[in-house]
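Okay, so here's the structure we're looking at.
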Number of protein chains: 2
Amino acid sequence: MTELEKGPTGRRRGRGARERILSTAQQLFREQGINRTGMNELCAAAEVSKRTAYQHFGGKDELVAEYLRGFDPSVLSGVFDRTDLTPRERLLAAFDIPPTTPLCPYIGAAVELHDPQHPASQYARDYKKAVAARLADTAREAGAADPEQLGEQLALLIDGAAARTRVLDADAFPTAAAIAAVLIDNAIPASVGGDR
Amino acid sequence: MTELEKGPTGRRRGRGARERILSTAQQLFREQGINRTGMNELCAAAEVSKRTAYQHFGGKDELVAEYLRGFDPSVLSGVFDRTDLTPRERLLAAFDIPPTTPLCPYIGAAVELHDPQHPASQYARDYKKAVAARLADTAREAGAADPEQLGEQLALLIDGAAARTRVLDADAFPTAAAIAAVLIDNAIPASVGGDR
DNA sequence: CGTTAAGCACACAGGGCGGTATACATAACA
DNA sequence: TGTTATGTATACCGCCCTGTGTGCTTAACG
């Protein structure tokens, strides 16, 4: 989602500041956190004038909100849209997190901002609910007895793995995946959609 | 753990500034977060001179570490020590979180500090490991096939509930408890120590 | 080409932060 | 009572933060 580096001649150094800012924000906010990343630092890293940054975004809060918005489509949709997997496999695939993903940015933002009213916190809630809903959809497709419940449970497992990975500095997703397997097997009557 | 307000005449060595600082820190750090609570504000709320605060704690980092230390014994030991419950009930009781507890402070600290080297982050890891270990002990007592695994799984559920409660602003512990019940029943062979 | 909007460089304001200095007050205990 | 450890009051320092003001450059496009 960030392949707009530059064309034949350095023609992209003038335009496209907004994209540079956002992609740099994604990197720095993840690596260092939101509060520990100053606008000066961010602008320098993005090779963008501070003035320009503030012409694109009314303030840091707005930038943070936009930064979180950037994840919506891409994070887990790749999993849910895989038609090569059975619904059950899709549910489990949600726990195959590439090690490049340090932590769900929504949890980090909610904790760092510490203000449920902040637009970014709203996005975080919306996103979490959306993920749970998509999990529930897939659970229904897989023939779960109570898809909503299973979706909520799996979402909780993902968040637990994310939080625990962060605190312990050790990958907790395998543990979550193991739990997920148990829950899924318990929730699907016999093998309605369990296997292809 | 903070019933040392004052005796007949402030009976102990001057006055308990240190205790006031720590109990105020617990309150403010929880309510507002660590980074959003300045030392000026904290000292004012604790009715303590800033000078005094810095005589007790070398700096804010040290205060934060000490603040986290204050939780160690009290948080979950009350659950594990309850002899009136079966081991299985004790495992489930860990999910009966009183609504006064907004979020595990260790997760918050780890996210806010964003530095695994920070002493407070170390405490956070140690605490999380200790909780998992005690859960594993209880799981063993309950006759679980793989106590370590079950302990780790239950710990993940607790963290997931904490994180999700924070982000969504809605209690997620009942969901976690439901998962825990499934896991426990699956992990204990038949009913070895399942009931009294 | 010329126009125009986008971007740039850079200094600076205003404020909050963690932390310190100085000078003084009082509780506890011998 | 006097000494000492503890706490108080307040001003202050240097730093970094978000955010602006001003004037200039240049890319993009008709």
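Just so it is clear: chains get the letters A, B, ... in the order the sequence lines come, proteins before strands, and each one is counted from 1. Below, each value reflects all heavy atoms present in this structure, side chains not excepted, and no hydrogens, waters or symmetry copies. Predicted, not measured: the structure shown is a model, and the values here were computed from it.
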Are B:F95 and B:F173 an aromatic pair, judged by ring center distance below 6.0 Å? no
Quick one: do A:R140 and A:D137 make a salt bridge, cutoff under 4.0 Å? yes
If you count heavy atoms of other groups shown closer than 6.0 angstrom to CD of B:E41, is the number above 12? yes
Please test A:T37 against A:Q32 for side chain to side chain donor-acceptor pair (under 3.5 Å), starting from the C-alpha separation and ending with a verdict. CA-CA 6 Å; A:T37 301; A:Q32 314 180 334; 3.1 Å; yes
Could you identify which residues of residues 107-121 of chain A place a heavy atom less than 4.0 Å from some atom of DNA chain D, listed by residue number, or say none? none
Rounding to a whole Å, what distance do you find between B:E47:CD and C:dT26:C1'? 17 Å
Using whole Å, report how far CZ of B:R18 lies from P of D:dA5. 18 Å
Please report the distance, rounded to the nearest Å, between CD in B:Q55 and P in D:dT8. 10 Å
Its contact letters, B for base, S for sugar-phosphate only and - for none at protein heavy atoms under 4.0 Å, make nucleotides 17-23 of chain D read -BBBBB-
Would you mind reading off the distance between A:H56 atom NE2 and C:dA6 atom C1', rounded to a whole angstrom? 7 Å
Salt bridge B:R90-B:E141, side-chain N to carboxylate O under 4.0 Å: yes
Nearest-angstrom distance from the residue atom CG of B:L63 to C1' of C:dG19: 13 Å
Kindly say if A:T52 contacts the phosphate of C:dC8, meaning a side-chain N or O under 4.0 Å from OP1 or OP2. yes
Are any of the side-chain nitrogens in B:D171 or B:R164 under 4.0 Å away from the carboxylate oxygens of its partner? no
B:L42 CG - C:dC17 P separation (whole Å): 11 Å
Minimum side-chain heavy-atom gap A:C104-A:R166 below 4.5 Å: no
Salt-bridge criterion met for B:R36 and B:E112 (N-O under 4.0 Å): no
